[in-house]
Amino acid sequence: MNPLIELTDVAKTFGQGADAVHAFGPVDLTIDDGDFISFLGPSGCGKSTLMLMVAGLLERTSGQIVLGGQPVDGPRTDIGIMFQDNTLVPWRTVRGNIELQLEMRGIDPTSAADRITVLLQSVHLQDFADRFPYELSGGMQQRAAFCQAMVHDPQIMLLDEPLGKLDAMTREQIRTDLQTLWMQQKPTVIFVTHSIEEAVQLSSRVAIITPRPGRVEKIIPIDLPFPRDFEVKNSPEFASYVRDIQEIFRGYGVI
Amino acid sequence: MYVTFRRYSAAMASSKKTSFGVRVLTWIERSWMFIVFFIGFFLVWEWSVTLFDIPRYILTPPSLVVEKGWADLDRLLYYTYITGSETVIGYVAAVVIGLPLGLAIAFSSILRRTVYPFFVCIEMVPKIAFAPLFISWLGFGLLPKVIIVFLVCFFPIVLNAILAFNSLSEELTRFCRSTGAGPVLSFIKVRLPAAMPQCFVGFKYGAINATVGAAIAEFIGSDQGLGFYIQIVTGNMRPDLAFAGIFFLTLLGLALFGIVTLAERMLIPWHISVRRNKT
C-alpha cells in the first residue's frame, strides 16, 4: 500500500492577532490507497475543517498536504466530495444533477450515460432518475448526491457527515450501500462523522479527533471482516471497539 | 347539488389532461367563499349608498360606476394606454439596467463598497418625493413619468439582485470550485439559476409599485393618463368616473404583476414558491 494522502504539521487558525482562534492541528497523518478512514470527533473539533483543507477548498495556516504525489495548493478536482447539506440543484432531475458534475468538468454527459445508470442502480435510484430532488425523501436525496460525487470516478472521496440529517433507519440502509460501493470500487474515503458506531462499522481505521483545538489523538485500526453486516455489528468485538472509543471521549468530558 | 358538482369536478380533474373549463371549475370550487364575499362587498356598497342616502358627488354605487365608465370608455382606454406605456417602459428599463448592475455589484468589491451603500441610502428616500423635481426639469411629457416609475422599481430590483447573486450556499460554492469549472461556466450552470428566485422577489415588488409611481407622477403634473383623469374627475365631483379610473389602474397593475408571475412560473417552475401555488 502506498501512502496516497500525507499530512505534515497541518494547522488552521481563524482570524489574526489577539482574536485568532486556533481551530486545528498540528496534525500528521498518512492515509493509504484504498483506506476508509473516519475522522471521529465532537462538533466543532475541526474535522470538517481538516477535510476541506485536504480538498484544497480551505487554506491551511501551516503545514503540507500531499495528495497522490502532488502538493495541495488550491481546489483539487480529482476527488469526490459530499456534504451534510447536499449539492443537488433544485432545477435539475436526479440524472441532471449527476450530469452537472460532468458538464462542469467539460465532459459530455451522454458519454457517461451507462455509468450513471449503473451508479443509480447501485443506490436503488434507477426508477427515480427523472424525478426532481424535492420529490425525493432525505435519504434518497443523499443517495443521489452520492452518485453526483462519484460519477467522475474519483480515486479519493471526502464525505462530510453525509448521513448527518437522516433518521436512524435510513442511515443504517445507506451505510450498507456505502460499504458495498466502497468494497466494489475501493476508492480512498475520508468519512467525517460524530457517530462512533458509524465510524466503527464503515472504517478500516478511525482517527480520533480531540475537542478544539482538534488534534488526531489516536488512530484505531478496526480489525473486523467486511462486509460488516448484522452479525458483525452484534459481535462482542464490535461492541468492544465502540466501548473503547466511548472511553476515550469520556476522558475528554465530551460524553 | 353541491355534492354532485364536487363529484363532477373531481372526476374531470382526475383525467390526465386538464382543460381550461375544468381548471375554472376547480378554481370556483376552491374559492367560492371568496367569490361570494367579493360579490357581497359590492352589493353592500350598492345598497348602502341608497340606504344611507349618500350624495352621488361623495360616493356612487358600483352600478353607476360601470354605467358612466362605459360611456367614457374611449377616454379611459386611451389613458390606460398612456399610463400603461409609462409603467411598462419604466419597469422594463428598471429590470434591464437593475439586473446586470446588481450582478456587477455582487461580484465587484469596489462597487460593493461604493455604489452599494449609496443605493441602500437612496432606498431609504421616498422616490416619489423626487417627482415634482423631475416634472419641473423635464416637463409634462412621458419622460419624467418613465423616470419616476424607473426610480420606484429600480431599487428593489437591484438590491434583490445583489442579494440573489451573493447568497449561493457554501456547499454549492465549494461544489463549483471542486469541479475546476471556470467562472463563466459556474455562473451559467449554477449561480444564475440559483439566483433567479430572489431576483423575482425584486421583479414582483417592482411590478406592484410601478403603477403607483406612474399614477402619482401624473397627479403631480400631466395632461393625460389615468392619474390625470382621476384627479380631474374628482375635482369635478365625479366619484363615479374616479372609480372607473381606479378600476383601469388596478387592471394595469394586475396585468403587469400577472406577466411577471407567468414569467416566474415558466423560468423557475422548480422553485418552492411556484410549486406551492400549483394544484
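In what follows, every chain begins at residue 1, and chains take the letters A, B, ... in the order their sequences are listed. Values in this document were obtained by computation on a predicted structure and should not be read as measured data.
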Largest heavy-atom contact set with chain A, pairs under 4.5 Å, which of B:Gly182, B:Ser178, B:Ala181: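 Maximum pair count with chain A is reached by B:Ser178.
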Partner chain A: residue of B:Pro193, B:Ala194, B:Gly180 with the largest heavy-atom pair count (under 4.5 Å):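 Most heavy-atom pairs under 4.5 Å with chain A: B:Pro193.
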Heavy atoms of other groups near [X] [atom1], more than 12 under 6.0 Å:
| X | atom1 | value |
| --- | --- | --- |
| B:Tyr116 | OH | no |
| B:Phe187 | CZ | yes |
| B:Phe247 | CZ | no |
| B:Met33 | CE | no |
| A:Asp108 | CG | yes |
| A:Glu59 | CD | no |
| A:Gln16 | CD | no |

A:Trp91 versus B:Lys189, closest heavy-atom pair with distance: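 What the structure gives for the nearest pair is CZ2-O, 3.4 Å.
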For the student: nearest non-hydrogen atoms of A:Met104 and B:Ser186, plus distance: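 Shortest heavy-atom separation between A:Met104 and B:Ser186 comes out as CE-OG, 3.8 Å.
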Chain B interface, residue from A:Arg92, A:Arg76, A:Gln101 that has the most non-hydrogen pairs under 4.5 Å: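 The option with the most such pairs is A:Gln101.
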Greatest number of heavy atom pairs closer than 4.5 Å to chain B - which of A:Thr77, A:Asp78, A:Ile79: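 Option with the greatest count: A:Thr77.
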Nearest-0.5 Å distance that lies between atom CZ in B:Arg174 and atom CG in A:Leu57: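 One finds 7.0 Å between CZ of B:Arg174 and CG of A:Leu57.
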Nearest-0.5 Å distance that lies between atom OG in B:Ser169 and atom CG in A:Asn86: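 Taking OG in B:Ser169 and CG in A:Asn86, the distance rounds to 9.5 Å.
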Close side-chain approach of A:Leu100 to B:Val190, heavy-atom, < 4.5 Å: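 Sidechains of B:Val190 and A:Leu100: in contact.
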Option among A:Leu88, A:Thr87, A:Val89 that satisfies the side chain to side chain contact (heavy atoms under 4.5 Å, CB included) test with B:Phe175: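 Testing B:Phe175 for a side chain to side chain contact (heavy atoms under 4.5 Å, CB included) against A:Leu88, A:Thr87, A:Val89 leaves exactly one candidate, A:Thr87.
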Measure distances from [X] to the heavy atoms of chain B and classify the residue's part below 4.5 Å as side chain, backbone, both or neither.
| X | answer |
| --- | --- |
| A:Glu103 | both |
| A:Leu102 | neither |
| A:Ile81 | side chain |

